[in-house]
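If you're wondering where the values come from, they're calculated on a predicted model, not measured in any experiment.
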Amino acid sequence: IQSILSVSNFQIEELMTEYLVEDLGDLYVSPGLVDINLHAGEDGLSSVTKAAALGGVTCVATSNSITSSLYCDVAPLGFVSQDDCAFGFKTHLLKDSLKRVQEVLKTKPVLVFPEYPEQVTEVQSPIKEVNCESSESDDESTDKYSELSFESFAISDFFTGLEATPKKDRRGSAPVITLPKFATDRKVSFPRMPRHSVFCTLNMPVLPVPRQDIPFIEKAGISEESYYQHLENFPAEFEVAAVQKLLPCSGKIHFSNVSSALTVETIQKFKPTCEVTFEVSLPYLYFCDRDLKPCDTRYKIVPPIRNYDNYLSLWELFKNKQIDCIGSYHQPVSPLKKFRANYHENENGMSCIGFTLQGVWTKLRSQIMPEEDDNYLVYLSEVLSKKPSEILGLKHKGSIKVGNEADLVVWDPYFKFTVEKTNDKHPNMNVFKGEELYGAVYRTYVRGQLVQSSPVGCVLNSDN
């Protein structure tokens with residue numbers, strides 16, 4: 001960006017002799033999005049960056065292998081086991097990796113996923129066992145999380161799904177999680193999910209299919225309660241315990257994919273004394289348990305989408321400008337691994353690329369007054385562009401100012417549309433298909449180049 005002119009100093013006749021001048025009318029020009037939490041998975045970075053760029057993303061941070069053409073810039077992330085990387089290290093929190101995390105914090109920022117226990121066989125249920133026919137008072141139960149310590153469990157590196165009982169000879173898969181007995185044989189009263197009369201998957205026609213016509217649901221007996229079992233197996237308190245294990249600390253640390261308002265409040269307490277940031281991902285700001293369709297495993301992620309109270313609390317924190325940044329948490333999973341008969345055997349991951357800007361803005365505008373729009377649109381640019389750039393050390397991205405790269409998104413915040421198609425490798429896997437959103441993206445520029453049919457992205461390093 002060479003210069004920024006005010007309207008009063010804008011001499012169109014003089015500029016037209018040297019530049020192509022366009023009047024964008026009532027459209028908004030915002031800084032390009034920087035997605036700090038994205039996984040290419042089996043789709044590949046070429047497909048994922050193209051879908052991201054068409055949604056206004058101009059840079060993504062990922063630890064995926066970069067072997068294909070790119071449609072937006074990529075900031076490579078390394079793992080803590082590596083000696084060096086360009087922009088930061090990335091890790092799932094493991095008890096054995098804590099020492100290494102403390103070492104690399106002295107040199108580069110670390111992006112930590114504060115996730116969940118690998119084994120909890122010795123931990124008692126923190127949730128009161130409730131018989132559906134029981135009428136005991138809730139006052140008799142106590143919260144047992146206060147008695148737990150971080151040493152009571154280990155943090156797993158990767159997850160593909162929970163298993164109620166151990167399995168042997170699972171070659172090439174993620175660690176098997178052994179759950180305590182209470183997770184499989186207790187009677188629990190679950191809240192009822194809202195009824196949906198239709199269900200659609202990639203292997204089905206594009207038009208919605210009546211639920212009773214989907215064979216694997218009927219044969220497998222997947223129930224609406226399966227999601228709430230999944231939710232109870234990954235409580236927010238484990239996330240808080242993981243954060244408390246690393247804080248306070250010296251060095252720059254970023255907690256990625258925070259799902260709980262309780263965790264946000266915990267991190268905020270350490271901000272005066274620690275250089276700590278965090279990001280809340282799109283699924284937790286757009287969905288809650290009330291939005292999930294029965295047995296639709298496309299919404300199965302870790303951490304899980306939490307309840308309505310947590311959803312409201314996250315939005316209160318956002319409106320009070322207490323959330324540092326937002327990522328997409330795009331983690332595509334192929335249909336063969338996502339629609340298995342047993343709910344808990346389905347891999348965790350959600351396809352949501354290309355809709356971070358529109359999804360967050362759609363939910364936000366329904367909670368604020370029209371006169372507050374401009375104020376929050378500026379804040380939206382901060383959490384989607386400026387702050388992620390600062391966390392990664394991208395000095396010339398994230399804001400519109402002289403000297404910065406011309407990473408721009410041209411969009412209309414007030415245009416309402418229904419998502420009829422996506423740019424994913426498996427389009428029907430994207431959870432935003434069929435959603436009504438505000439904020440049509442018309443153009444995306446990466447370093448001044450319009451993203452169209454040809455790749456314009458590059459791999460960033462400390463020099464460029």
Would you please say whether a donor-acceptor pair under 3.5 Å links the side chains of Asp289 and Asn307?
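The answer is no; no qualifying pair exists.
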
Closer than 4.0 angstrom, basic N to acidic O: yes or no for [X] and [Y]?
X      : Y      : value
Asp324 : Lys271 : yes
Glu390 : Lys252 : no
Lys397 : Glu405 : yes

What do you reckon, is [atom1] of [X] surrounded by more than 12 foreign heavy atoms closer than 6.0 Å?
X      : atom1 : answer
Lys269 : NZ    : no
Glu371 : CD    : yes
Asp26  : CG    : no

Locate the shortest heavy-atom distance separating [X] from [Y]; write the atom from each residue and the value.
X      : Y      : answer
Asn348 : His230 : OD1-CE1, 3.8 Å
Asp424 : Ser351 : OD2-CB, 4.1 Å
Pro283 : Ile301 : CB-CD1, 3.9 Å
His396 : Asn404 : CA-OD1, 3.5 Å
Asn346 : Phe339 : OD1-N, 3.1 Å

Next item on the list: With side chain to side chain contact (heavy atoms under 4.5 Å, CB included) as the test, would you mind laying out the steps for Val446 and Tyr71 before giving the verdict?
Entry: CA-CA 8 Å; Val446 176; Tyr71 287 82; over 6 Å; no

Evaluate the ring planes of Tyr28 and Tyr414, with Trp represented by its six-membered ring, and classify them as parallel (under 30°), tilted (30 to 60°) or perpendicular (over 60°).
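Perpendicular, since the angle between the ring planes exceeds 60°.
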
Hey, can you tell me if Trp315 and Phe318 have their rings parallel, tilted or perpendicular (30° and 60° cut-offs)?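 The rings of Trp315 and Phe318 stand perpendicular, inter-plane angle above 60°.
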
Nearest-0.5 Å distance, NE2 of residue His254 to CD of residue Glu275 |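 Output value for this atom pair is 12.5 Å.
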
Check: Within 45 degrees of the axis of the six-membered ring of Tyr438 and under 6.0 Å from its centre: does Arg365 put its NZ or CZ there?
Finding: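 Checked: cation-pi criterion met.
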
Does the structure place the NZ or CZ of Lys300 under 6.0 Å from the centre of the six-membered ring of Tyr227, at an angle of no more than 45° from the ring's axis?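 No, Lys300 does not lie over the aromatic ring of Tyr227.
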
Any chance the rings of Phe270 and Phe255 have centres within less than 6.0 Å?
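No, they do not, as the ring centres are separated by 6.0 Å or more.
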
message = One pair to check against salt bridge (Lys or Arg N to Asp or Glu O under 4.0 Å): Asp73 and Arg447. What are the steps and the verdict?
response = CA-CA 9 Å; Asp73 290 342; Arg447 287 175 281 106; 2.8 Å; yes

Listed by chain and number, what are the side chain to side chain contact (heavy atoms under 4.5 Å, CB included) partners of Val333, not counting sequence neighbours?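 Expected list: Lys337, Lys338, Glu347.
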
